[in-house]
Q: 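Take this structure first; my questions come after.
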2 protein chains.
Amino acid sequence: MGTPADLAARITASALTTESRVSPYIDDWLAEKRNQPFESTRITLDQLSEPDGWHFAPDTGNLEHRSGRFFSVSGLHVQANHGHTREWWQPILVQRDIAILGIIAKEFDGVLHFLMQAKMEPGNLHMVQLSPTVQATSSNYTQVHRGRRARYVEYFTEPGMGRVLVDVLQSEQGAWFHLKRNRNVVVEVTGDVPVHEDFCWLTLGQIRELLKLPNVMNMDARTVLACLLSAGGGAPAGDGPEPGGLHTMTEILSWFTGRKGHHELSARLVPLDSVVGWRRDAGRILAEDGRHFSIVGVRVHARTREVTSWKQPLLAPHGLTLAGLVVRRIGGRLHALVRAEALPGYRDTIELGPTVRFAMDDHADTPADRRPEFLDYVLSAREGVRYDVVQSEEGGRFLHAETRYLVVEAGDDFPLPVPPDFAWIAFDQLLALQRHSYYLGVEARTLLLCLGNL
Amino acid sequence: MGTPADLAARITASALTTESRVSPYIDDWLAEKRNQPFESTRITLDQLSEPDGWHFAPDTGNLEHRSGRFFSVSGLHVQANHGHTREWWQPILVQRDIAILGIIAKEFDGVLHFLMQAKMEPGNLHMVQLSPTVQATSSNYTQVHRGRRARYVEYFTEPGMGRVLVDVLQSEQGAWFHLKRNRNVVVEVTGDVPVHEDFCWLTLGQIRELLKLPNVMNMDARTVLACLLSAGGGAPAGDGPEPGGLHTMTEILSWFTGRKGHHELSARLVPLDSVVGWRRDAGRILAEDGRHFSIVGVRVHARTREVTSWKQPLLAPHGLTLAGLVVRRIGGRLHALVRAEALPGYRDTIELGPTVRFAMDDHADTPADRRPEFLDYVLSAREGVRYDVVQSEEGGRFLHAETRYLVVEAGDDFPLPVPPDFAWIAFDQLLALQRHSYYLGVEARTLLLCLGNL
């Protein structure tokens with residue numbers, strides 16, 4: 001039970017278990033949770049401002065909470081040495097404290113189950129999605145907002161509550177967040193855990209089924225579960241036998257290092273007031289060309305949350321994002337074609353993204369010679385589509401941010417030589433990398449979880 | 001020859017070879033290299049300023065080169081939630097581009113040799129120390145300063161010159177550099193390499209001997225060689241058998257993640273002019289209490305460098321730094337007592353430092369109850385001292401920055417329970433972590449290399 005190999009076997013057993021007497025009626029339960037009087041209503045930014053709540057700081061124009069906690073909307077000035085646009089300004093979400101994205105695991109009938117929460121978030125499609133047991137910033141668990149303490153948080157903040165299976169910081173959207181990272185943690189317990197009505201124990205097999213549906217498993221649940229897969233597997237990074245991917249781990253790490261040297265990207269926080277190409281009106285903050293995203297306000301009523309009523313800003317993307325991954329068997333082993341993606345909010349310039357990530361809204365305006373590599377390939381794929389489901393990004397910060405996660409398995413005729421920013425990396429090599437921070441971006445982690453789902 | 005285990009055996013064989021017919025007279029050669037007409041002369045900051053060179057930017061007071069390259073001296077405002085001082089300002093060195101610290105490796109008589117350079121740096125003790133084959137910022141290899149291109153740089157910038165043994169970004173001093181990282185890379189070649197007179201091939205055994213001397217192997221050489229040790233060993237991070245350290249790798253990674261959540265440290269670049277508690281006079285920039293370090297200027301003449309004469313600023317620490325590491329055998333395996341050290345220049349708040357890092361200048365002024373944990377223990381150790389040598393930090397940025405690297409092996413009576421910021425980590429677990437960026441700080445990497453030297 002103690003070694004990673006044992007854990008891998010237990011994860012596989014849970015993934016093969018698609019029914020459980022512990023949670024027999026998930027669909028009904030989820031439908032009931034979604035059928036509650038939650039409200040999230042768009043309001044103007046002017047309506048958002050309150051004497052003791054959100055306001056625009058007079059010296060910078062940054063949108064901040066007067067408590068200094070939660071998050072803020074600042075400006076960012078970016079200069080890059082690659083890409084069609086080499087310099088731009090944009091609003092960006094800033095949140096320095098590390099949130100806990102924590103799942104409690106426990107065996108029932110000898111099979112690992114995971115305690116998932118039906119959680120309302122103001123930006124969620126369908127309002128309620130399944131989240132980790134705990135999804136709490138330190139504002140939550142230190143009770144800055146004077147609400148209830150997040151349920152079960154003590155399993156992750158107090159020692160000796162269980163055995164840690166995985167515990168790693170990972171980034172979130174590097175285009176929308178500045179230096180954001182969260183703690184992805186799973187703790188296995190053996191004792192009784194009282195189950196509140198908004199929570200249920202699910203096997204990985206049940207979760208696999210739910211991942212086939214759009215907008216059920218939220219982003220935080222997906223990234224934690226992806227990291228859990230790494231805890232039970234992945235290539236050894238040391239003196240063990242190296243797996244036989246197309247490239248050795250040393251070659252992959254060297255390629256990753258080289259890409260960081262190649263892409264220079266300087267991103268500097270600046271006052272939101274000084275952001276060029278964007279404007280703020282009474283209602284929202286938006287780009288002068290109407291593209292990318294807006295910063296909007298919402299008013300929320302939700303009796304099941306720590307605080308039952310509040311207002312907050314959200315980042316509202318304009319349309320669907322595509323996250324397309326090409327996979328191919330090479331030497332019998334599944335490889336993914338990942339891209340070294342430079343984003344201004346990353347801590348070290350580059351993380352691994354899908355083969356192609358693209359805002360579909362831009363598609364009509366983008367001439368063929370400026371479309372990202374492999375975009376046309378994944379969009380036109382008919383055979384080999386292994387996964388094609390729309391999932392939501394974090395509903396506590398983004399309004400209806402939907403990503404189409406698309407995995408296309410290419411045949412042996414798909415060329416192995418790829419441009420310098422791309423690399424074929426075997427599935428278990430990706431898992432090994434994901435054991436550490438800041439190799440895989442958040443979309444790649446979702447795709448890895450869904451790949452495990454093939 | 002292809003696997004990490006094979007590489008580990010070749011590294012061990014090289015470490016056991018303390019004499020080589022390729023470089024029989026190292027001491028004489030080094031003495032000759034040091035006996036050259038190099039000059040590095042302190043000048044005032046006023047003398048440093050030049051119409052097309054260094055100057056104080058009028059709007060910020062930052063000390064910059066007018067080309068925009070090399071590095072700059074900016075201000076930093078730091079706020080922390082731990083430590084005796086919770087808020088401070090300081091000057092800090094800013095350098096965004098990634099330097100190559102590259103060593104060429106090649107077998108002679110079946111034994112790995114490494115091409116080391118006798119390199120003059122203006123801040124070096126003894127002017128000349130042994131450095132990697134290449135130690136070049138992109139300013140060097142893109143020839144911004146209109147000098148010669150750094151010798152051998154093509155082995156690291158052009159594909160197909162050899163086989164990469166290790167290639168990883170690592171941080172440098174988080175108290176003196178803002179977000180600095182360099183590429184630690186070793187490339188093994190099989191073809192002929194013409195050897196310039198300032199270079200020589202050394203076995204790891206010869207390097208081990210030189211590491212027993214003060215101020216011979218420079219910082220850059222030490223960090224690259226430490227990373228090389230990781231390429232040939234270290235605990236598997238995946239599904240291989242986990243080594244039997246006091247803690248599992250999962251526990252160690254969880255502790256590291258937890259420490260990052262615990263220490264909040266916000267560091268923001270500010271104009272050097274606005275730095276509180278420091279002042280600039282005609283000669284230098286220094287703290288009002290005279291502690292920490294100064295920013296000074298030097299004028300250099302060195303005919304062997306790419307540019308033979310120049311002026312530049314340097315950071316001059318006030319006195320010796322202690323980097324003390326306690327090691328202990330636990331279950332027969334050597335463990336190091338490392339500390340999760342929060343420094344303002346780190347990319348993700350925390351890296352692993354020695355058990356104690358301390359500016360010895362502060363010793364007299366620091367009351368017993370404010371001395372760092374384990375300081376008195378390592379300073380008073382008589383038995384068990386396994387390494388005690390003064391080495392220099394980077395002479396291209398620091399003036400006579402000396403660190404006393406001290407390794408003390410504790411007996412079985414040394415307690416295993418340690419305060420929360422400390423952890424016992426086995427030697428091969430540290431090697432496995434060092435395969436990735438930003439786990440081990442620069443002093444820990446030197447100590448790991450010297451530990452391998454026991």
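Every chain is numbered from 1, with letters handed out A, B, ... down the list of sequences.
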Q: Taking side chain as C-beta onward, heavy atoms only, is A:Asp348 less than 4.5 Å from B:Leu169?
A: yes
Q: At a heavy-atom separation under 4.5 Å, does A:Arg181 approach chain B through its side chain, its backbone, both, or neither?
A: side chain
Q: Is A:Arg347 in contact with chain B via its backbone, its side chain, both, or neither, using a 4.5 Å heavy-atom distance?
A: both
Q: Report which part of B:Leu179 has an atom under 4.5 Å of a heavy atom belonging to chain A: side chain, backbone, both, or neither.
A: neither
Q: Can you name the nearest heavy-atom pair linking B:Val166 to A:Thr250, along with the distance?
A: N-CG2, 4.4 Å
Q: Can you confirm whether more than 12 heavy atoms, excluding those of B:Arg86, are under 6.0 Å from its CZ atom?
A: yes
Q: Between B:Glu264 and A:Ile98, is any pair of side-chain heavy atoms under 4.5 Å apart?
A: no
Q: Which atoms of B:Phe256 come close to chain A, meaning under 4.5 Å heavy atom to heavy atom: side chain ones, backbone ones, both, or neither?
A: neither
Q: Check each atom of A:Phe156 against the heavy atoms of chain B and say whether the ones under 4.5 Å are side chain, backbone, both or neither.
A: neither
Q: Just verifying a value: how many Å separate A:Arg96 CZ and B:Gln79 CD, rounded to the nearest 0.5 Å?
A: 12.0 Å
Q: Does the side chain of A:Arg163 come within less than 4.5 Å of B:Ser254's, by heavy atoms?
A: no
Q: Can you measure from OG1 (B:Thr257) to CD1 (A:Ile100) and round to the nearest 0.5 angstrom?
A: 11.5 Å
